[in-house]
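The figures here come from the full heavy-atom set of this structure, side chains too, leaving out hydrogens, waters and symmetry mates.
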Amino acid sequence: MADRSGPSTSGRAPRADRPADIRNVVLIGHSGAGKTTLLESLLHTAGATTRVGRVEDGTTVSDHDDVEARQKRSVNLSVAPVMVDGVKVNLIDTPGYADYVGDLRAGLRAADAALFVVSAVDPIDARTQILWEECAAVGMPRAVAITKIDHHRADFADVVTQCQVAFGEGVMPAYFPVAAGSGDQRTVHGLVRLLSQGYADYTGGERVEAPLPDGLAAEVEELRSSLIEGVIQESEDETLMERYMEGADLDPAMLVADLEAAVARGGFFPVLAISGTTGVGVHELLHELPRACPNPTERPLPPVATVDDRPVTGLTCDPDGPLLAEVVKTVSDPYVGRLSVVRVFSGTLRPDAVVHVSGHGLTDRGHDDHDVDERIGAISIPLGKNGTPCGAVTAGDICTVAKLTAAETGDTLSDKDRPLRMPPWTFPDPLLPVALRAASKSDEDKLAQAVSRLTSEDVTLKVEVNPETHQMVAWCMGEAHLDVALDRLANRYGVTVETDDVRIPLRATFSVPSQGMGRNVKQSGGHGEYGVCHIKVEPLPSGAGLEFVDKIVGGVVPRQYIPSVEKGIRSQMAQGLDAGYPMVDIRVTLYDGKAHSVDSSDMAFQKAGRLALKDAAENGRLAMLEPVDAVSVLVADSSMGAVMSDLSSRRGRVIGTEPVPGGRTLIRAEIPQLEITRYAIDLRSVSHGTGTFSRSYLRHEPLPQHIADRLAESAEAHA
């Protein structure tokens, strides 16, 4: 059995007292690119751990959740700080799988720079390209780390070209790996620093400075010239280009400083070569992070407003400024309770301080808005599942706060005397619905509380009880997201649930006019019941609801009982008829009836109204109605044809298309809900991961008869 103890930390987590001594870097890349393995190597090289953990063994620092160990992949955001050259670098590891995009976006919110991790043996996926564009839109500094360069199929030059095509101009290699052999015998011996022309030799297992190997001068010079030209174009020194064109020797140290400044400004994107398993390039990356990434004072704060939505300007990353912090991740620990990962943007966060909690505009997902005061519990510096207790945390840093009871992911923490609020970052909508059902009575009693805790941790998970079908429906990002939710319910909260297909809320209406009589006459020797009513029913357009028309003449139904007839009809419409589907969009005209001076009552005529509607249904013809959604699909142009064809196969009607910058197209369509319960999964497959969509209820439309017959047969089979 593998050792699950994980890497041992080498001491207390690093501390920083000034924002200038902090860097917050998020690792981004598709699943399997090697982010977690790279993080392990960075931690070990920096001396934060005494041995390197392995994803395969479930012993890594960042993948410390039990579900991550079982699934052998990251599902949570994790923070691991290292101290490099006197600077604290908070490394933020994010999941690469698309289902866990909520934690990825939380990592982007907490970071000031992004390291895109690209595998040398896998193509760059469209989702990574889209994330690059999002970072570009906000001016976030970026660099690229190409991992697995020692793999027998690795081709560094080819991957650099792919990066330049996918990410655009300004992407250039700053290091060049030196390899020997081919196939399974291929090994990476060392790394060339192109600007300084230095060489790090890794052949002995340790990094050693050595002369440049023979036979590389021409290739290195060509790459170096291209890199210098790229650096000069981004340099703020306007004389550099002139001196370079005149053939003057440029100081390598000056070029390196200009490159690092261009990276911090977000104008240049160096490519580094890494082998997370052998350690090649890890030292170089580790020491580039504090030099090339901006500190928190060099990045603007997110938009800030008062709790009544008045914009606040002038805030900076100042330890002496007003407190402004945000909960970027909430987790539940079975031993210490709720833990909140907090990024401090301004001011200083102190234990036992009373802060104001405000947020966060996600009531539609089951997250209540907050506007309360709460006391800060114990504060620690996170390192995977461990943490080092600390005192005050300065602006720009990231910490863990224990036992916040009200604050959830996306909430703002501020001074109680000056409450502030930051709008939450963009959360994707969960669009895969699955019905949950407790496996036993004991599980049923615990399910509601467990689900509440689960949704407080994960803003991309929404759980609701459908008022029409009465199913508890969990809305997830995908099947992997659902698996994690079920795993946590079972193993963390001790609740076993079973999943069912989601029942689509069908409705019924009259397809042709009809008439019906409701006769409720009961004599039992005492006070009886007497109510008779005659109604005419007509279909109405979608969304009209019930239109009740009173055409009683001569008082055959006393005035006080006419509302009773309407109440009975409404009750029967909500309950449904034979199939049990609610009835909608009809006009009911009450035109005749009978009453008794003693036995007539409100309840007697309610029952008569219900019976009249049932009689009209037997005499007429009903039509089933299905809900139709307005769907907007954003997809890469290359996948547009496949997506359009798929929409047609789902009985979808394409309303229009429009081009979107970045080689994408927005498709607007109307699709029955019956056809898109699994569209979150199917679109990802059809579009090769490039497609996203949103949906909203539009209206109910008649259900085709052959589908209605099929649903009826299925209902009878399961009855």
Side-chain angles (χ1 to χ4, degrees), residues 465-471 503-627 699-700 702-703 708 712 715 719:
V465 177
N466 188 297
E468 294 188 30
T469 65
H470 306 293
Q471 286 182 308
R503 294 195 295 270
I504 301 301
L506 302 179
R507 296 174 184 171
T509 192
F510 282 74
S511 59
V512 295
S514 181
Q515 293 188 0
M517 180 189 73
R519 177 180 174 82
N520 178 34
V521 178
K522 295 181 180 179
Q523 297 293 336
S524 57
H527 186 69
E529 293 185 7
Y530 193 99
V532 179
C533 61
H534 295 263
I535 63 172
K536 181 170 67 174
V537 183
E538 302 166 272
L540 290 178
S542 175
L546 169 66
E547 180 182 333
F548 185 79
V549 180
D550 171 18
K551 285 196 174 181
I552 292 297
V553 178
V556 291
V557 176
R559 308 307 307 170
Q560 68 268 28
Y561 297 138
I562 292 176
S564 302
V565 176
E566 180 182 357
K567 187 175 181 180
I569 290 171
R570 289 187 180 276
S571 176
Q572 190 62 54
M573 288 177 64
Q575 181 180 334
L577 297 172
D578 292 342
Y581 298 120
M583 182 162 288
V584 295
D585 304 333
I586 56 175
R587 177 188 293 118
V588 177
T589 301
L590 175 64
Y591 66 89
D592 197 4
K594 292 181 181 179
H596 190 277
S597 59
V598 175
D599 292 338
S600 290
S601 64
D602 169 67
M603 184 56 65
F605 273 97
Q606 283 192 45
K607 292 180 180 180
R610 295 170 66 102
L611 292 170
L613 187 63
K614 290 181 178 180
D615 187 55
E618 292 178 0
N619 297 332
R621 188 164 68 244
L622 300 184
M624 302 303 300
L625 301 176
E626 62 176 338
R699 60 179 175 269
H700 272 70
L703 180 68

With the side chain counted from C-beta on, respond yes when Pro627 and Leu506 share a heavy-atom pair under 4.5 Å apart, and no when they do not.
yes
Taking all atoms of both residues into account, what is the closest heavy-atom pair of Ala612 and Cys533, and its distance?
CB-SG, 3.8 Å
Please report the interatomic distance OH(Tyr581) to OG1(Thr469), rounded to the nearest 0.5 Å.
10.5 Å
Shortest non-hydrogen separation from Pro539 to Val512 and the atoms involved
CD-C, 4.0 Å
What one should report as the nearest heavy-atom pair of Gly620 and Ser514 is N-OG, 3.3 Å
Could you measure the distance from the CZ atom of Phe548 to the CD1 atom of Ile562? Nearest 0.5 Å is fine.
7.0 Å
Minimal heavy-atom distance between Ala617 and Leu577, with the atoms involved, is CB-CD1, 3.4 Å
Would a distance-only check, ignoring hydrogens and angles, find a side-chain to backbone donor-acceptor pair under 3.5 Å from Asp585 to Leu540?
no
For Phe510 and Met583, run side-chain contact (heavy atoms from CB on, under 4.5 Å): C-alpha distance rounded to whole Å, both residues' side-chain angles, the deciding distance at 0.1 Å, then the answer.
CA-CA 8 Å; Phe510 282 74; Met583 182 162 288; 3.3 Å; yes
Working to the nearest 0.5 angstrom, can you tell me the gap between Ile535 CD1 and Leu590 CG?
8.0 Å
If the threshold is 4.0 Å, N to carboxylate O, is there a salt bridge linking Asp550 and Arg559?
yes
Any chance you could measure Asn520, atom CG, to Glu529, atom CD, to the nearest 0.5 Å?
5.0 Å
Quick one: are His700 and Val584 in side-chain contact, heavy atoms under 4.5 Å?
no
Are side-chain heavy atoms of Glu468 and Pro582 found at a separation under 4.5 Å?
yes
Just do the side-chain contact (heavy atoms from CB on, under 4.5 Å) check on Glu626 and Ile504 with the steps written out, would you?
CA-CA 8 Å; Glu626 62 176 338; Ile504 301 301; 5.7 Å; no
Residue set satisfying salt bridge (Lys or Arg N to Asp or Glu O under 4.0 Å) with Arg570, at least two apart, ordered chain then number -> Glu566
Verify, without hydrogens or angle tests, whether Asn466 (side chain) and Gln471 (backbone) share a donor-acceptor contact under 3.5 angstrom.
no
Kindly compute the distance separating CD (Gln515) from CG (Asn619), expressed to the nearest 0.5 Å.
8.5 Å
One pair to check against side-chain contact (heavy atoms from CB on, under 4.5 Å): Arg519 and Leu611. What are the steps and the verdict?
CA-CA 7 Å; Arg519 177 180 174 82; Leu611 292 170; 5.9 Å; no
Can you name the residues that form a salt bridge (Lys or Arg N to Asp or Glu O under 4.0 Å) with Asp592, not counting sequence neighbours?
none
Return the CG to CZ distance between Leu703 and Arg507, rounded to the nearest 0.5 Å.
13.5 Å
Return the set of residues passing side-chain hydrogen bond (donor to acceptor under 3.5 Å, both in side chains) with Gln572 (not counting sequence neighbours), or none when no residue passes.
Arg610
Taking the side chain as every heavy atom from C-beta outward, state whether Tyr591 and Val556 have any atom pair closer than 4.5 Å.
no
State which residues pass ring pair (Phe, Tyr, Trp, His ring centres under 6.0 Å) with Tyr530; sequence neighbours excluded, sorted by chain then number.
His596
Listed partners of Arg503 passing salt bridge (Lys or Arg N to Asp or Glu O under 4.0 Å), at least two apart
none
Give a yes or no on this: more than 12 heavy atoms of other residues, nucleotides or ligands lie within 6.0 Å of atom CZ of Arg621.
no
Check whether any side-chain N or O of Ser564 sits under 3.5 Å from a backbone N or O of Phe605 as a donor-acceptor pair, and report yes or no.
no
Name all residues meeting the salt bridge (Lys or Arg N to Asp or Glu O under 4.0 Å) criterion together with Glu618; count only those two or more places apart in sequence or in a different chain, and write none if there are none.
none
